[in-house]
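Please read all numbers here as calculations on a predicted model, not as lab measurements.
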Amino acid sequence: MQPIGSYLSQGRWFRRVKSKGHFTLSGYGYYIGNRFNGKVLEIRFDSDKMKLKCQPEGSEEIIELPVSDF
């Protein structure tokens, strides 16, 4: 997981949640929930936990998702 961890650690990422609560990052699909459909996520990578930290626009909530298996 080192190469993808290095890549994701480079900055922030922004992705729009598509219908049915899904978004993609680095070619991998993630599910964050239908309540975020159409919202833009600010995504950061936590290398200690190997998780994506997703913050939906207009919210203080941070949702952590495990990084997909590579």
Drop me the distance from Ile43's CD1 to Leu25's CG, to the nearest 0.5 angstrom.
5.0 Å
State plainly whether one hydrophobic cluster holds both Phe14 and Val17, where clusters connect Ile, Leu, Val, Met, Phe, Trp and Tyr through side-chain heavy atoms under 4.5 angstrom apart.
no
Identify whether Val40 and Leu52 are in the same connected component of the hydrophobic contact network (ILVMFWY, side-chain heavy atoms under 4.5 Å).
no
For Glu42, check salt bridge (Lys or Arg N to Asp or Glu O under 4.0 Å) against everything at least two apart and list the hits.
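Salt bridge (Lys or Arg N to Asp or Glu O under 4.0 Å) check on Glu42 returns Arg12, Arg44.
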Hydrophobic side-chain clustering at under 4.5 Å (ILVMFWY, transitive links): who's grouped with Ile62? Put none if nobody.
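Cluster partners of Ile62: none, it stands alone.
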Between Phe45 and Val67, does the side chain to side chain contact (heavy atoms under 4.5 Å, CB included) criterion hold? Intermediate values first, please.
CA-CA 9 Å; Phe45 177 65; Val67 174; 3.4 Å; yes
Listing request: all salt bridge (charged side-chain N to carboxylate O under 4.0 Å, His left out) pairs with a residue in residues 21-36, at least two apart in sequence or in separate chains.
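Matches after skipping sequence neighbours: Arg35-Glu61.
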Residue list, side chain to side chain donor-acceptor pair (under 3.5 Å) with Lys49, at least two apart or on another chain:
Glu64
Taking all non-hydrogen atoms of both residues into account, name the closest pair between Pro56 and Phe36 and its distance.
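Closest approach of Pro56 to Phe36, heavy atoms only: CG-CE2, 3.3 Å.
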Do you know the tightest heavy-atom contact between Ile32 and Cys54?
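For Ile32 and Cys54, the tightest heavy-atom pair comes out as CD1-CB, 3.7 Å.
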Going by the rule side-chain contact (heavy atoms from CB on, under 4.5 Å), which residues pair with Lys18 if we only count those two or more places apart in sequence or in a different chain?
none
Name all residues meeting the ring-ring contact (aromatic ring centres under 6.0 Å, His included) criterion together with Tyr31; count only those two or more places apart in sequence or in a different chain, and write none if there are none.
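For Tyr31 the ring-ring contact (aromatic ring centres under 6.0 Å, His included) partners, ignoring immediate neighbours, are His22.
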Below 4.0 angstrom, N of the basic side chain to O of the carboxylate: do Asp46 and Lys51 qualify?
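Judged by the 4.0 Å cut-off on N to carboxylate O distance, Asp46 and Lys51 do not form a salt bridge.
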Look at the side chain of Arg15 and the backbone N and O of Leu41, then say whether any donor-acceptor pair between them is shorter than 3.5 Å.
no
Taking the side chain from Asn37 and the backbone from Gly21, do they hold a donor-acceptor pair closer than 3.5 Å?
yes
